[in-house]
Amino acid sequence: MPNKVKAAWQAGKAVVNGWLAIPNAFSAEMYSQAGWDSVTVDMQHGVQDYLSCVACFQGMQPSGVLPMVRVPWNEPGIIGKVLDAGAYGVICPMVNTEAEARQLVQYSKYPPRGTRSNGPIRAGVYGEAGGYQKTANDEILVIPMIETQTALDNLEAILDVPGIDAIYVGPSDLGLSLGMPAILDREEPEILKIYERLIKETSKRGIAAGLHNSSPKYAKKMIDMGFKLVTVGGNEVGLMVNAAKAAIKETRGG
């Protein structure tokens with residue numbers, strides 16, 4: 001299966017990403033029908049494990065949405081397993097150095113470009129028999145998260161690592177690292193200046209910049225700013241709870 005997100009970026013387009021915290025195939029199936037370009041299973045802070053990740057992928061598959069995962073850490077075992085399960089993108093938290101970025105690429109690629117072990121138990125069904133290994137290194141997105149001052153200090157070195165397709169900003173952790181509150185839709189001038197730097201440096205290298213957002217309005221503003229991957233609503237739990245609160249408030253007369 002060609003990577004539609006990668007193709008969109010190559011065409012200069014931004015993509016809208018969903019985020020799954022709930023470990024359930026049915027909710028993933030329904031959520032993925034909403035029109036997302038990609039949907040990410042959150043194994044770091046979501047209530048997800050490996051089996052629920054596979055179940056979510058199975059629920060998402062009929063919609064044709066691109067499946068991605070945020071892994072819990074930069075570790076070869078889990079990265080290999082989610083790729084074997086069918087992930088077409090790996091978002092990895094807390095990548096702070098060039099060496100860690102190189103490790104992430106290494107874990108995500110088959111030899112000779114990496115050290116990923118062969119065994120795409122589900123991923124192989126996305127292509128013709130025996131064809132997956134021929135295209136996986138080029139189709140799978142490798143996306144380190146930039147969310148600390150240390151990562152900012154090493155930004156250019158991280159971006160120059162061959163095999164990095166995009167970066168993804170965690171605004172809450174970035175704020176904490178800079179001594180600020182842990183929030184998503186940030187308006188602090190110093191944060192917006194950092195965002196401008198990230199967009200400038202990624203654009204120079206043909207790499208996409210992604211961002212976790214709360215409101216659709218802010219996500220649209222970030223697309224206009226230059227981000228090429230925006231997650232909306234935090235996750236499906238936030239969207240569900242906010243919709244429920246709004247419905248209850250309206251029913252009770254405001």
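Residues: numbered from 1 along the sequence shown. Note that the coordinates shown come from a computational prediction; the quantities given were computed from them, not determined experimentally. FYI, side chains are in, hydrogens and waters are out, and symmetry mates aren't considered; it's all heavy atoms of this structure.
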Are [X] and [Y] close enough that some pair of their side-chain heavy atoms sits under 4.5 Å apart?
| X | Y | result |
| --- | --- | --- |
| P171 | Y195 | yes |
| M145 | M94 | no |
| N154 | E98 | no |
| R186 | L192 | no |
| I79 | N74 | yes |
| V95 | I167 | no |
| P76 | T115 | no |
| T148 | D173 | no |

Which value, rounded to the nearest 0.5 Å, describes the distance between [X] atom [atom1] and [Y] atom [atom2]?
| X | Y | atom1 | atom2 | answer |
| --- | --- | --- | --- | --- |
| K4 | D37 | NZ | CG | 8.5 Å |
| Y218 | N213 | OH | CG | 7.0 Å |
| E75 | Y107 | CD | OH | 7.5 Å |
| K109 | L83 | NZ | CG | 9.5 Å |
| L66 | Y88 | CG | OH | 8.0 Å |
| M43 | D49 | CE | CG | 6.5 Å |

Show your working on salt bridge (charged side-chain N to carboxylate O under 4.0 Å, His left out) between K228 and D165 and close with a plain yes or no.
CA-CA 11 Å; K228 296 301 183 185; D165 298 288; over 6 Å; no
Indicate, with yes or no, if V54 and I22 share a hydrophobic cluster defined by side-chain heavy-atom contacts under 4.5 Å among Ile, Leu, Val, Met, Phe, Trp and Tyr.
no
Do V16 and M60 sit in the same hydrophobic cluster, where Ile, Leu, Val, Met, Phe, Trp and Tyr count as joined when their side-chain heavy atoms come under 4.5 Å apart?
yes
So, does S52 use its side chain to make a donor-acceptor pair with the main chain of Q48 at under 3.5 Å?
no
N-O pairing of E201 and K204 below 4.0 Å
yes
My understanding is that only residues two or more places apart in sequence, or in another chain, count here; which of them pass side-chain contact (heavy atoms from CB on, under 4.5 Å) with [X]?
| X | answer |
| --- | --- |
| Q133 | Y110, N118, P120 |
| E196 | M225 |
| I223 | A14, V230 |

Contacts satisfying side chain to side chain donor-acceptor pair (under 3.5 Å) that involve residues 235-249 (not counting sequence neighbours) are none
Any side chain to side chain donor-acceptor pair (under 3.5 Å) involving residues 10-23? Give me the pairs, sequence neighbours left out, ordered by first then second residue.
N17-S38, N17-T40, N17-T231, W19-D42
In sequence, state the C-alpha distance, the side-chain angles, and the governing distance for E190 and K193, and then conclude on side-chain contact (heavy atoms from CB on, under 4.5 Å).
CA-CA 5 Å; E190 53 268 55; K193 187 174 180 179; 5.5 Å; no
Verdict with supporting geometry, L198 and L152, side-chain contact (heavy atoms from CB on, under 4.5 Å)
CA-CA 9 Å; L198 295 176; L152 293 175; 4.2 Å; yes
Give the intermediate values and the outcome of side-chain contact (heavy atoms from CB on, under 4.5 Å) for residues I143 and R70.
CA-CA 9 Å; I143 308 174; R70 177 166 72 172; over 6 Å; no
Can you list, by chain and residue number, the hydrophobic cluster partners of F26 when the side-chain cut-off is 4.5 Å?
M30
Stepwise, does the side-chain contact (heavy atoms from CB on, under 4.5 Å) test hold for S172 with L184?
CA-CA 6 Å; S172 297; L184 290 181; 3.6 Å; yes
For the pair E156 and R197, evaluate salt bridge (charged side-chain N to carboxylate O under 4.0 Å, His left out) and give the outcome as yes or no after the intermediate values.
CA-CA 10 Å; E156 287 77 7; R197 177 190 170 202; 3.2 Å; yes
Which heavy-atom pair separates M180 from E188 by the least distance, and what is that distance?
SD-OE2, 4.0 Å
What one should report as the nearest heavy-atom pair of I140 and A87 is CG1-O, 4.2 Å
Under 3.5 Å, is there a donor on one side chain and an acceptor on the other for D138 and T135?
no
Side-chain donor-acceptor pair under 3.5 Å between Q33 and S63, yes or no?
no
Take a 6.0 Å sphere around CD of E187 and say whether it holds more than 12 heavy atoms from other residues, nucleotides or ligands.
yes
Within 6.0 angstrom of I121 CD1, more than 12 heavy atoms from elsewhere:
no
